[in-house]
2 protein chains.
Amino acid sequence: MTRDDQALKALRASGRRITSQRRKVLQVVEASPRHLDAEAIYLRARENDPQISLATVYRTLAVLKEMGLVEGRFLSRDHPREHFEGADTPEHYHFTCLSCGRITEFRSPRVAEVFEELERERGLSIQHACLCLEGWCDACRAENQASEE
Amino acid sequence: MTRDDQALKALRASGRRITSQRRKVLQVVEASPRHLDAEAIYLRARENDPQISLATVYRTLAVLKEMGLVEGRFLSRDHPREHFEGADTPEHYHFTCLSCGRITEFRSPRVAEVFEELERERGLSIQHACLCLEGWCDACRAENQASEE
DNA sequence: TTCATTGCAAAATTTTTGCATACGA
DNA sequence: TCGTATGCAAAAATTTTGCAATGAA
């Protein structure tokens with residue numbers, strides 16, 4: 001059973017219906033490239049279904065987010081639009097290169113340590129974390145140095 | 001010399017002008033409560049200057065952000081509006097309580113360790129970090145447990 | 001058949017912009 | 001005085017909603 005199937009099953013289980021539009025939005029969100037915003041998802045979904053409307057994409061994303069099947073994130077300060085990705089991937093964080101715009105995902109056990117610290121020392125119960133970094137990636141940094149010489 | 005004075009000086013140094021509106025926006029951003037969005041800043045600024053316009057607040061925030069005097073952040077997934085705070089405070093991160101909405105700031109040297117790891121292992125040069133956590137604060141968690149019994 | 005979901009268009013929200021006027025330096 | 005910055009109102013950009021029609025179960 002694929003991830004999509006599980007998600008669709010969850011939809012049914014909550015009394016909702018499986019429509020071709022929802023299938024398509026899910027497909028787009030789980031495919032690469034990831035981190036698309038609502039409009040980009042709409043454009044990609046429309047490649048397969050020219051009839052789908054932007055309103056439906058927004059409504060579908062809201063439903064999927066509410067059910068925890070999709071995660072919305074703000075990835076950098078210059079892009080004030082929510083980006084979406086499947087919620088089935090393991091916890092990870094994002095780095096956006098200010099030069100080439102590429103998004104790098106990473107994981108680090110040290111982040112979990114921060115959470116444990118906060119739970120222990122402040123009694124916080126952490127449900128969701130968003131660690132969004134901005135800077136220059138290896139390639140762009142090398143390039144910038146070269147052009148400065 | 002206060003923080004405001006330094007900021008105003010920086011404005012002048014960049015060939016910009018110090019206006020009463022800019023003073024007020026700066027004051028509001030640096031005062032508490034922090035983490036206001038553009039409209040909240042507008043409402044507070046208007047208490048002292050009923051003539052100030054929302055457009056000016058947006059334009060001022062853009063200028064201050066561009067100069068690095070103010071930082072904009074998205075603090076939680078349910079509030080897709082940028083929140084602002086003075087850029088003069090030491091690096092810190094945010095936790096938003098999903099129940100009472102209160103924002104808690106915290107610092108942790110472990111976060112810097114994550115950055116060092118990324119710089120060392122992936123060659124990333126990190127310019128800005130946003131760690132936004134969501135969950136329940138100590139008080140709300142206790143309350144929820146009580147009401148579930 | 002039933003009622004959740006859709007597409008469309010209109011509305012609501014949030015942010016930006018054009019332009020004449022005001023005002024800082 | 002000179003040119004930046006402002007206020008206003010209009011526009012742009014983004015997201016939500018009302019409603020009749022569609023289609024999943």
Side-chain angles (χ1 to χ4, degrees), chain A residues 4-5 7-26 28-29 36-43 45-46 48-67 69-70 72-84, chain B residues 4-5 7-29 35-43 45-46 48-67 69-70 72-84:
Chain A
D4 270 26
D5 289 335
L8 295 173
K9 210 171 160 187
L11 270 177
R12 279 261 10 102
S14 72
R16 280 175 250 248
R17 291 177 181 174
I18 297 171
T19 64
S20 64
Q21 292 89 337
R22 286 180 175 170
R23 271 185 222 277
K24 254 147 222 153
V25 169
L26 256 175
V28 172
V29 170
L36 303 174
D37 60 29
E39 182 160 21
I41 291 169
Y42 165 63
L43 292 174
R46 214 168 52 166
N48 289 310
D49 174 2
Q51 296 308 312
I52 197 171
S53 76
L54 185 53
T56 294
V57 171
Y58 273 107
R59 278 189 283 227
T60 300
L61 288 170
V63 167
L64 297 177
K65 216 166 72 162
E66 189 193 320
M67 298 192 59
L69 300 171
V70 152
R73 292 207 149 88
F74 295 94
L75 292 182
S76 86
R77 294 173 297 171
D78 294 333
H79 298 93
R81 294 174 68 173
E82 202 169 9
H83 289 65
F84 299 89
Chain B
D4 270 25
D5 288 337
L8 295 174
K9 209 170 159 186
L11 271 178
R12 280 264 4 108
S14 72
R16 281 175 248 247
R17 290 179 181 172
I18 298 172
T19 64
S20 64
Q21 292 89 338
R22 286 180 175 169
R23 270 185 223 278
K24 256 148 219 151
V25 169
L26 257 175
Q27 265 170 31
V28 171
V29 171
H35 314 115
L36 303 174
D37 60 29
E39 182 160 20
I41 291 168
Y42 165 62
L43 291 175
R46 217 170 49 168
N48 289 310
D49 175 1
Q51 296 308 313
I52 198 171
S53 75
L54 185 53
T56 293
V57 171
Y58 273 107
R59 278 188 284 227
T60 300
L61 288 170
V63 166
L64 297 178
K65 215 166 72 163
E66 189 192 322
M67 298 191 60
L69 301 171
V70 153
R73 292 207 148 88
F74 296 94
L75 293 182
S76 87
R77 293 174 297 172
D78 294 334
H79 298 93
R81 295 174 68 175
E82 204 168 9
H83 289 65
F84 299 89

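Residue numbers start from 1 in every chain, and the chains themselves are labelled A, B, ... in the order their sequence lines are given, proteins ahead of strands. Here the structure is a predicted model, which means the values were calculated and not measured. Hydrogens, waters and symmetry mates play no part in the numbers below; they use all other heavy atoms, side chains included.
- Between the C1' atom of C:dT13 and the OH atom of B:Tyr42 lies a distance of 15 Å, rounded to the nearest Å.
- If you take CG of A:Leu64 and P of C:dT5, they are 11 Å apart, rounded to a whole angstrom.
- Rounding to the nearest 0.5 Å gives a distance of 10.5 Å between CZ of B:Arg59 and CD of B:Gln21.
- Two residues are said to be in side-chain contact when any heavy atoms from C-beta on lie closer than 4.5 Å; B:Val29 and B:Leu64 fail this criterion.
- Scanning all heavy atoms of the two residues, the minimum distance from B:Glu82 to B:Phe74 falls at N-CE2, 3.6 Å.
- Rounded to 10°, the helix from C:dT1-D:dA25 to C:dA25-D:dT1 has 40° between the axis fitted to its first five pairs and the one fitted to its last five.
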Filtered N/O pairs between nucleotides 8-13 of chain D and protein, under 3.5 Å:
none

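- Listed here is the closest heavy atom pair of A:Arg81 and A:Tyr58: NH2-OH, 4.5 Å.
- Of all the residues in residues 10-23 of chain A, A:Arg12, A:Arg17, A:Ile18 reach under 4.0 Å from DNA chain D with at least one non-hydrogen atom.
- Using a 4.5 Å heavy-atom cutoff, the side chains of B:Leu11 and B:Val63 are in contact.
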Dump the intermediate steps for side chain to side chain donor-acceptor pair (under 3.5 Å) on B:Ser14 and B:Arg16, then the final yes or no. CA-CA 6 Å; B:Ser14 72; B:Arg16 281 175 248 247; 3.1 Å; yes
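- Here C:dA10 presents its C1' atom at 16 Å from OH of A:Tyr58, a figure rounded to the nearest Å.
- Scanning both residues, B:Ala7 and B:Leu69, for their nearest heavy atoms gives O-CD1, 3.8 Å.
- Residues passing the side-chain contact (heavy atoms from CB on, under 4.5 Å) test with A:Ala40, sequence neighbours excluded: A:Leu36, A:Asp37.
- Between A:Asp49 atom CG and C:dC8 atom C1' the separation is 15 Å, expressed in whole Å.
- Under the side-chain contact (heavy atoms from CB on, under 4.5 Å) criterion, B:Arg46 pairs with B:Tyr42, B:Leu43, B:Ile52, sequence neighbours left out.
- Across the protein-nucleic acid pair, B:Glu39 atom CD and C:dT16 atom P stand 14 Å apart, rounded to whole Å.
- Distance B:Leu61 CG to C:dT14 C1': 14 Å, rounded to the nearest Å.
- Counting to the nearest Å, the P atom of D:dA5 and the CG atom of B:Leu8 are 13 Å from each other.
- Every residue two or more places apart in sequence or in another chain that forms a side-chain contact (heavy atoms from CB on, under 4.5 Å) with B:Arg23 is listed here: B:Leu8, B:Ile18.
- Here the closest heavy-atom approach between residue B:Ala38 and residue B:Val57 is recorded as O-CG1, 3.7 Å.
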